[in-house]
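Remarks on the structure that follows.
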Amino acid sequence: MAIKLRFWGVRGSVPCPGPNTVKYGGNTACLELRFGEQERLVVMDAGTGIRELAGHVMKTDMPKGPVKTQLFLTHTHWDHIMGFPFFVPIFIPTTELDVYGPVTFEEDTLDKILFGMLTYRYWPVRLEELASKIRYFNLKEGTRDLGEDLWVTTKYLNHPINVLGYRFEYRGKVLCTAYDTEPFRNVFDVPPDSPSYDAEAVKEGEMAAQEENEKVTQFFQGADILIHDAQYTHKEYLAGKIGWGHSSFEHAVNVAHGAGVKKLLLFHHDPDHSDAQLDLLERKIRKAVAGRSEMEVSIAREGMVVEA
Ligand SMILES: [Zn+2]
Ligand SMILES: [Zn+2]
């Protein structure tokens, strides 16, 4: 085992606990990544799932020595950061945490965004109460050496604010994340009878979108594991969700297949998708993929462990 992944939160937008989400879970985005025999810990996103991950880290990592880890944020929408104050190791003086992520506005920094919610207005905990050593790194596209044979490459995806897809490479194995995102589309594609119609612009817009989508597919090329946004069915996507920054199950499967991905995990579930609906979707998708691709496809659920 080179890479081990465990899901602690799989939902998008808002936590949705209740009788309809018992199987897949109601917490928002949080992944635990472990690399190598030493089980080096890297955390992806700080949605509400991070609260339970914190308990796990306190039980399994803390007894072995101080926690020194990295937290990668895909972006800073609420559902991806709202669990941050519940990551208990940040209150322990020996903890060292490096937080990485993209920002959208010139004057933004990650520490300002995260600490913006640590005021009495929103939480009973304030910045001064975090006893650990936390460093912040604003990321753009590029590749970074994280030490001990672990590398990470970042790529901008398509969402209303800057979102980074991540590609972790460790001793020949690759894990990629692609959320929150939707396919790039032609922004000049208006009906021919519209006053702003420009045939040349439509053609250029089409080529630009195609080029961006090809770059994204290239980014996932040969991944052993890909965790991809699948908030909607294709039907739901077409019914008013275009431009919301999320993908359909069908799009995720097509992209992953095109990139030669080995295991695809569909992720960032819509809060309205019940266990029964997700079970049905998984059966449908597996049937559609069987015979067409060697790729394994699963719908991510809390507690699920995937290895490469
Ligand atoms: Zn989200
Ligand atoms: Zn988002």
Side-chain angles (χ1 to χ4, degrees), residues 1-8 29-46 53 57 61 67-75 80 96-102 110 135-159 162-181 212-230 247 252-253 255-268 293-298 300 304-308:
M1 188 279 297
I3 303 178
K4 189 160 97 179
L5 147 75
R6 184 165 172 169
F7 291 97
W8 292 89
C30 179
L31 315 177
E32 172 194 2
L33 309 183
R34 298 279 181 174
F35 296 92
E37 294 306 312
Q38 302 300 315
E39 302 238 312
R40 175 182 175 172
L41 171 69
V42 168
V43 181
M44 280 292 311
D45 276 336
L53 169 62
V57 168
D61 297 78
V67 170
K68 291 182 182 172
T69 188
Q70 290 92 30
L71 165 64
F72 287 87
L73 300 173
T74 53
H75 62 311
H80 300 257
E96 291 179 26
L97 177 68
D98 287 345
V99 182
Y100 297 85
L110 277 181
R135 301 189 300 171
Y136 298 87
F137 301 87
N138 290 356
L139 289 186
K140 293 183 174 160
E141 285 189 341
T143 297
R144 232 165 223 269
D145 180 357
L146 298 172
E148 297 163 356
D149 298 335
L150 179 59
W151 293 79
V152 66
T153 303
T154 46
K155 164 96 191 72
Y156 284 123
L157 302 174
N158 189 21
H159 201 56
N162 278 343
V163 164
L164 285 173
Y166 289 96
R167 181 183 173 98
F168 292 93
E169 301 195 26
Y170 180 78
R171 299 189 181 167
K173 296 288 181 186
V174 177
L175 176 144
C176 293
T177 63
Y179 61 88
D180 300 356
T181 191
E212 284 305 315
N213 287 324
E214 274 164 20
K215 277 192 215 159
V216 171
T217 305
Q218 198 55 40
F219 184 67
F220 309 139
Q221 200 61 45
D224 296 279
I225 299 173
L226 170 64
I227 300 124
H228 201 292
D229 191 320
S247 297
V253 168
V255 170
H257 176 59
V261 167
K262 294 187 183 72
K263 289 181 191 174
L264 170 65
L265 282 312
L266 300 163
F267 183 74
H268 202 276
S293 171
E294 296 283 290
M295 185 169 71
E296 277 178 41
V297 185
S298 300
M304 181 189 255
V305 174
V306 183
E307 293 183 358

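Everything quoted here is computed from the prediction, not taken from an experiment. These values consider heavy atoms only, across backbone and side chains, with no hydrogens, waters or symmetry-generated copies.
- Between Arg34 and Asp61 a salt bridge is recorded (basic side-chain N to carboxylate O distance below 4.0 Å).
- Results of the side-chain contact (heavy atoms from CB on, under 4.5 Å) test with Ile225 over Thr177, Val261, Leu175, Leu264 single out Leu175 as the only residue that passes.
- Judged purely by atom type and a 3.5 angstrom limit, Asn162 has no side-chain atom pairing as donor or acceptor with the backbone of Pro102.
- Using cut-offs of 30° and 60° for the angle between ring planes, the Tyr100 and Phe137 rings count as parallel.
- With salt bridges taken as basic N to acidic carboxylate O contacts below 4.0 Å, one links Glu39 and Lys4.
- Glu214 pairs by the salt bridge (charged side-chain N to carboxylate O under 4.0 Å, His left out) definition with nothing, not counting sequence neighbours.
- Without hydrogens or angle criteria, Arg167 side chain to Gln221 main chain gives a donor-acceptor distance under 3.5 Å.
- Between the side chains of Asp45 and His75, no donor N or O sits under 3.5 Å from an acceptor N or O.
- Using a distance-only test at 3.5 Å, with no hydrogens or angles considered, a donor-acceptor pair links the side chain of Thr154 to the main chain of Lys140.
- Note on ring orientation: taking the six-membered ring where Trp is involved, the planes of Tyr179 and Phe267 are tilted (angle from 30° to 60°).
- Using modelled atom types and a 3.5 Å distance limit, the side chains of Ser293 and His257 yield a donor-acceptor pair.
- A donor-acceptor contact closer than 3.5 angstrom is absent between the side chains of Gln70 and Arg144.
- With sequence neighbours excluded, the residues satisfying ring-ring contact (aromatic ring centres under 6.0 Å, His included) with Tyr170 are Phe35.
- Side-chain contact between Thr74 and Leu164 is absent, with no heavy atoms from C-beta onward closer than 4.5 Å.
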